[in-house]
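See structure below.
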Amino acid sequence: MIRLYDTAHAEIRALGLREPGHLSMYVCGPTVYDLPHLGHGRYTLVWDVARRWFSFRGLEVRFVSNITDIDDNIIKRAQRDGLSEPEVAATYEAEWWRAMDLLGVARPSETPHATQWVGEMVDLITSFLDSDTGYVTSDGVYFDVSRVPDYGLLAGQPLESLRAGARIEASDEKRSPLDFALWKFAKEGEPSWPAPFGAGRPGWHTECVVMSLGLLGDGFDLHTGGFDLKFPHHENERAQAIAAGRDFAHHWDHSGWVMVGLEKMSKSLGNFTSLTHLLETTDARAYRLLVIRSHYRSPIDVTTATIADAERSLERLDALARRFELPALAGEVIEVASSHALGPKGRALVAKIGAMLDEDLDTPSAVAALFEAVSLTNQLADQGEDEIAWDLAVGINVLFAALGLTLLGSTDHVDEESSQLVRARDEARAAKDWARADELRGQLMALGWVVEDSASGTLIRRG
RNA sequence: GGCGGCGUGGCCGAGUGGUUAGGCAGGGGCCUGCAAAGCCCCGUACUCCGGUUCGAAUCCGGACGCCGCCUCCA
């Protein structure tokens, strides 16, 4: 049984399934108006790991994640850069997928785009106007939050308390400062869609509720996103679903944020750090390891030091892959436990680590246990227990792959010149001509290789 | 002001009242022609002050410090 924290109940509870064996999950995706930052990388990694783990456990996962391709920020960007809104969205959506591919985040089952669902949004807003849950002001259509009795559930605060702390300036036209825009009327030069209540564009909160219910249907299993989406975004999605008489997500969960020098990254602070830049300069697997070695609901500090630390940890894993010549798994393929034939040690490892991951996705414990298993495996191999060691190594490889982390052994292409040097060095070593052997090692290193001796002779790899 | 979270050894980071988290870095040793990789040993950490308890990093109270949400944000 898989248990997972549920924001709505503020506790870890069983992840219920609408249909046995099938998990429907919706992850709020990006608004594509700029390059992705580290925070995007964090939440996509967290939910990618979750998805991969659920799949590994045999669930058929339908993973929907949207692209918000119309929004105030896109309009601003378009005006600033002298481009059309669709051009801005297309540019940054392409950048988004490029980053996701580098991170090894598997593509969603479906990726709805907000602009393709405007008709459904207009219908929903119309129904709110009909029931007086929505009302028109001079700049748009608003949702009356007082119509939802338990508004504030996800925020963990009642409506009154939220209202008292509201920092939004009161508008004469809004019934409550907490009321949010369902629809914004188009100003001069802004993109718009026709609607009976006036041409304009949908509000962000309306986009996600329409797309999630539209694709996954009533009572879908799991709705997730970053911490800061809890309120108001998810609260407002939920409010609309309830007001519309729909059965919304049965389980909610939120991943922790990224800290940069003791502060949360955020738009208002402007302390963005580009994910694209990180991926250009480091092994993307290091960020995944950094993410999974702390709990998904804790904040993480991403610095050059913590990334470098993770990169070095990764070397230990890659060394295991080299030693046992493990195949590279994961990547675009989502691993499923049943497709791997494991020995008894491997199966025992899956059982042990599986229990950790089934309990609120405890990746830090799982990673620690996997590193312990790495030590044990090397120990066994040193003692000549090759069969058991191999059994464990395969299990480790499969489990890391289940979390989306690929262990890389020697996959480097060796050119003819280098392989001649390797052969020459093996001959020199066989003849105990150490001076010659060291000279040849120096030549290989000058060519950029890391040189290691093994039972089978000289091994070279890219450092 | 309201709600919530955190403070662990050089760094990162887990931790269910009593038994080794784990990784990185560092020191010593083994193995190795020398290296690399690997293995073994080493740090006796829990912001502070009280309390509960046979026993607390872990529970309770308080102090101090830090962070998040309450506005766009992943």
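Below, all heavy atoms of this structure are taken into account, side chains as well, without hydrogens, waters or symmetry copies. Keep in mind that this is a model prediction, so the values were computed, not measured. Every chain is numbered from 1 and lettered A, B, ... according to where its sequence line falls, protein lines coming before strand lines.
For the salt bridge (Lys or Arg N to Asp or Glu O under 4.0 Å) test, residues two or more places apart in sequence or in another chain that qualify with A:D360 are A:R297. Legend: residues meeting salt bridge (Lys or Arg N to Asp or Glu O under 4.0 Å) with A:R238, ordered by chain and number and at least two apart, are A:D150, A:E235. Residues passing the ring pair (Phe, Tyr, Trp, His ring centres under 6.0 Å) test with A:H233 are A:W204, A:H205, sequence neighbours excluded. Scanning for side-chain contact (heavy atoms from CB on, under 4.5 Å) contacts around A:P108 gives A:F63, A:S65, A:W97, A:T111, with sequence neighbours left out. With sequence neighbours excluded, no residue forms a salt bridge (Lys or Arg N to Asp or Glu O under 4.0 Å) with A:R316.
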- Contact letters for nucleotides 27-37 of chain B, in which S counts primed atoms plus P, OP1 and OP2 and B counts the base, heavy atoms under 4.0 Å: ------BBBBS
- With sugar-phosphate taken as primed atoms, P, OP1 and OP2 and all else as base, the protein-contact string of nucleotides 2-17 of chain B at under 4.0 Å (heavy atoms; B, S, -) is BS--------SSS---
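For residues 442-456 of chain A, the set of pairs meeting the salt bridge (Lys or Arg N to Asp or Glu O under 4.0 Å) definition, not counting sequence neighbours, comprises A:R322-A:E452, A:R425-A:D453, A:R429-A:D453, A:E452-A:R461. Applying the salt bridge (Lys or Arg N to Asp or Glu O under 4.0 Å) test to pairs two or more places apart or on separate chains, those with a residue in residues 432-449 of chain A are A:R436-A:E439, A:D438-A:R441. The salt bridge (Lys or Arg N to Asp or Glu O under 4.0 Å) pairs that include a residue from residues 370-398 of chain A are A:R323-A:D382, where partners are two or more places apart or lie in different chains. Pairs passing the salt bridge (Lys or Arg N to Asp or Glu O under 4.0 Å) check and including a residue from residues 88-97 of chain A, sequence neighbours excluded, read A:E95-A:R98.
Secondary-structure annotation of RNA chain B gives the stems B:1-7 with B:64-70, B:10-12 with B:22-24, B:26-30 with B:38-42, B:47-51 with B:59-63, with a stem taken as at least 3 successive Watson-Crick or G-U pairs whose two distances both fall under 3.5 Å.
Distances were taken from every side-chain heavy atom of A:E372 (C-beta onward) to each of B:rG22, B:rG23, B:rC72; the shortest belongs to B:rG22.
Nearest-nucleotide positions on RNA chain B for A:P232 and A:V367 put A:V367 closer to the 5' end.
Contact between the side-chain N/O atoms of A:Q379 and the OP1/OP2 oxygens of B:rC40 is found at a separation under 4.0 Å.
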